[in-house]
Undergrad: 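Take a look at the following structure, please.
Throughout, protein chains are lettered first and strands after them, A, B, ... in sequence-line order, and every chain is numbered starting at 1. Every heavy atom of this structure was used, including side-chain atoms; hydrogens, water molecules and symmetry mates were not. These numbers were taken from a predicted model, which means no experiment stands behind them.
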Amino acid sequence: MSQLSAGCIKLLQTADPGDLDVFNSPYVVQFLSTKRVGNTNPTASGATPPDRYRIIMSDGTQYMQAMLATQLNEMVTSNTITKNTIAVLEKLTCSFVQGKRLVVVLGLRVLEHVAEKIGEPQNIDAPASGAETATPAVASASTSVPTPAAASVNMSSSSRPPQPPPKGRHGNIYPIEGLSPYQNNWTIKARVTQKSDIKTWSNARGEGKLFNVTLMDDSGEIRGTGFNLAVDELYPRLEEGKVYYISKARVNLAKKKFSNVNNDYELSFERNTEVEECHEVTNVPTIKYNFVPLNLLEELNKDAICDVIGVVKEASPVTEITSVKQNRQIPKRELTLVDKSGFSVRMTLWGKQAEQYSTAESSPVIAFKGVKVGDFGGRSLSMYSSSTMHVNPDIDECFTLRGWYDSSGAEQTFKAHSMSGGGAASGAAFNRADIRSLDEVKQTGYGMPEKPENFSARATIMHIKADNISYPACPTQGCNKKVLEINGTWRCEKCEQSYPAPEHRYIMSMAVADYSGQAWLQGFNEVGVAVFGMTANELLEKKERDPSEYNAIMHKANCHTFNFSCRAKQDTYNENTRIRYGISRIQPLNYKEEAIAMRDLLYSAWAR
DNA sequence: CCCCCCCC
């Protein structure tokens, strides 16, 4: 029988995600289970997303969860890998986002099938205390704790500063990790991996301007900030991507909650701070990425920070939004990114990033570091001012994507993260672990202060409003506009066309209840299709043919329980302000799935 | 000395 790579699970669970030596080593593991997860599509809205498999792999001592890349799904469906299969992992990727490590198996080779589990492996996750609190912002964690192995992959040498002692004035080259307020007379040799816009502020304590940079060497990274005069002096001189000797800056304690740079300290550039460009750039790593494939974005939590790379399929013009909170106009631009996973996702650029984005090249590959995961339309991405984007970076992933897109990707259609393709409905994915009771939603004023809020609920239909259950809509794909009958044809004002017949679309208003109370939920076409199991055209036809059958269908729709993703939004109509609850997703209960989730919940409670 | 990261 094959020898499992004892200890590899611990390595995979603890290594720096950028440590290629760890994640490309040929570990021998045993699969304890393969489980299909997520993503059934009950609204009959068309394409089904690819299945994904979560696997449990063991080294005989410990086991951990991982995802199987979708291109390996066939190994599960064909039973090439099953429970107890022993295989060599040939390629893995690892992302680490908000305390949640995501290991994806990209390549493996089956060695043998055995009858039983080897050893008594323990769940490596079980006692993981402090996982959430460890590193709030993780994209940076990987860059800031490089192991020597990881550094050597990026650079020609794995040696660390301070050595060899550089010639001339830059005697004491310190590693960034070694900086503290107790050190003086240091010099760092670091690459600017990120430079912000110049920001101005004005508050009770005064006003001014500032900028920040992220500085990185192969020991770690640190944030540097320049205020006022230092902006004038240094902002033009520090360029993203270049390497500098920096000395005589002040080392302050970092306020961690405001920074996703993993360092206890940060630099403040002062009047006498010295900055000199360095042209001899060995030992100074370039940005390291932990790319999350676009199809796996829904594995990440809202507000997680991650790295992605994709082809820009579309780029909107710059528009301006009005930030209510800040009372100012902010330029923004939307990009649509796609990748080989077959998914597309929207990426929002802000401010200068939005304005300066070049549309000269039609479908560039762009690598993003440190972007925020949002839940608009299922999943969306947004840049922070600390995020970076690199167009056509000189890295393997970029070349791979370029080749794929030019040979086939450009012709492909892509799956969006949203269930409701129409765009009218939007909202977060259903989150079983975070179901709200209807009473809580009402009592705590979800959606109250003008800001729409998403929540998940599990509720049972009590009553469906029978009048105005649908409207005649434009049959043009994606239009959905109400059409008017004029002389026997149906006119769409938006498309400026007439059609022989409309396509009826549901506008559902229904009372639902859970153990805590009831609420009225509003839903569009997908909701009606899910509830009645037929299109609005079909339902109307039945109504006209046999009203009693229609009544029976309406009646039968009651008392069914669904998982809902809802959006609470304040709404004023006829001078009445109230909160309306829109359904962005509706899923019939899958009792097997629910039972498994409850079992897992019991197990996890028991494991603690 | 900022620390907001926005909108649909």
Undergrad: For the side chain of A:Phe376, counting heavy atoms from C-beta on, which of B:dC1, B:dC2, B:dC8 is nearest?
TA: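 Nearest nucleotide to the side chain: B:dC8.
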Undergrad: What I want to check is whether the side chains of A:Asp514 and A:Ser437 have a donor and an acceptor closer together than 3.5 Å.
TA: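 Their side chains do not contain a donor-acceptor pair, so the 3.5 Å distance test is not met.
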Undergrad: Angle between ring planes, A:Phe562 versus A:Phe564, binned at 30° and 60°: parallel, tilted or perpendicular?
TA: tilted
Undergrad: Any side-chain N or O of A:Arg205 below 4.0 angstrom from OP1/OP2 of B:dC2?
TA: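 A:Arg205 to B:dC2 OP1/OP2: side-chain N or O found under 4.0 Å.
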Undergrad: Looking at the side chain of A:Trp201, which of B:dC6, B:dC7, B:dC1 is the nearest nucleotide?
TA: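 Selected nucleotide (nearest to the side chain): B:dC1.
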Undergrad: Between B:dC7 atom P and A:Arg567 atom CZ, what is the distance in whole Å?
TA: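 Nearest whole value for this atom pair: 10 Å.
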Undergrad: Run the salt-bridge test on A:Glu355 and A:Arg333 with the 4.0 Å N-O cut-off and return the result as yes or no.
TA: no
Undergrad: With heavy atoms under 4.0 Å as the rule, sort A:Arg250 into base, sugar-phosphate or nothing.
TA: nothing
Undergrad: Under 4.0 Å between any heavy atoms, over every strand shown, what does A:Lys209 touch: base, sugar-phosphate, or nothing? Just pick one.
TA: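 Nothing: the residue A:Lys209, judged by heavy atoms under 4.0 Å, touches no strand.
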Undergrad: Over how many whole Å does the gap from A:Lys352 atom NZ to B:dC4 atom C1' extend?
TA: 17 Å
Undergrad: At under 4.0 Å between heavy atoms, what does A:Thr319 touch on the DNA or RNA strands: base, sugar-phosphate, or nothing?
TA: nothing
Undergrad: For the side chain of A:Asn212, counting heavy atoms from C-beta on, which of B:dC2, B:dC7, B:dC4 is nearest?
TA: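 Of B:dC2, B:dC7, B:dC4, B:dC2 is nearest to the side chain of A:Asn212.
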Undergrad: Reckon A:Gln329 touches a base, only the sugar-phosphate, or nothing at all at heavy-atom distances under 4.0 Å?
TA: nothing
Undergrad: In whole Å, what is the span from the CE atom of A:Met347 to the P atom of B:dC6?
TA: 13 Å
Undergrad: Could you state the CD1-P distance from A:Ile305 to B:dC3, rounded to the nearest angstrom?
TA: 17 Å
Undergrad: Nearest of B:dC5, B:dC4, B:dC3 to any side-chain atom of A:Glu266?
TA: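 Given the options B:dC5, B:dC4, B:dC3, the side chain of A:Glu266 is closest to B:dC3.
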Undergrad: Does A:Lys199 make a side-chain donor-acceptor contact with the base of B:dC2, cut-off 3.5 Å?
TA: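 A donor-acceptor contact between them is absent.
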Undergrad: Report the nucleotide, chosen from B:dC2, B:dC7, B:dC5, that has the shortest atom-to-atom distance to any side-chain atom of A:Asn203.
TA: B:dC2
Undergrad: Is there aromatic stacking of A:Phe227 against B:dC1, centre distance under 5.5 Å, plane angle under 30°?
TA: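 So A:Phe227 counts as stacking on the base.
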Undergrad: Quick one: A:Leu267 CG to B:dC2 P, roughly how many Å, whole number?
TA: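 In whole Å, B:dC2 P and A:Leu267 CG are 18 Å from each other.
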Undergrad: Between atom OH in A:Tyr384 and atom P in B:dC4, what is the gap in whole Å?
TA: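 Nearest whole value for this atom pair: 12 Å.
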Undergrad: Of all residues at least two apart in sequence or in a different chain, which pass the salt bridge (Lys or Arg N to Asp or Glu O under 4.0 Å) check with A:Arg237?
TA: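 Expected list: A:Glu233.
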Undergrad: Between B:dC7 atom P and A:Gln353 atom CD, what is the distance in whole Å?
TA: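 The distance from CD of A:Gln353 to P of B:dC7 comes to 19 Å, rounded to the nearest Å.
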Undergrad: What nucleotide, of B:dC1, B:dC4, B:dC6, holds the atom closest to the side chain of A:Lys255?
TA: B:dC1
Undergrad: Does atom NZ of A:Lys248 have more than 12 heavy-atom neighbours from other groups under 6.0 Å away?
TA: no
Undergrad: Base, sugar-phosphate, or nothing: which does A:Arg346 touch, judged by heavy atoms less than 4.0 Å apart?
TA: base
Undergrad: Run the side chain to side chain donor-acceptor pair (under 3.5 Å) test against A:Lys209 and tell me which residues pass, sequence neighbours left out.
TA: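 Once residues adjacent in sequence are excluded, the partners of A:Lys209 under the side chain to side chain donor-acceptor pair (under 3.5 Å) criterion are A:Asp232.
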Undergrad: Separation of A:Glu207 atom CD from B:dC1 atom P, in whole Å?
TA: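 It is 17 Å, rounded to the nearest whole Å.
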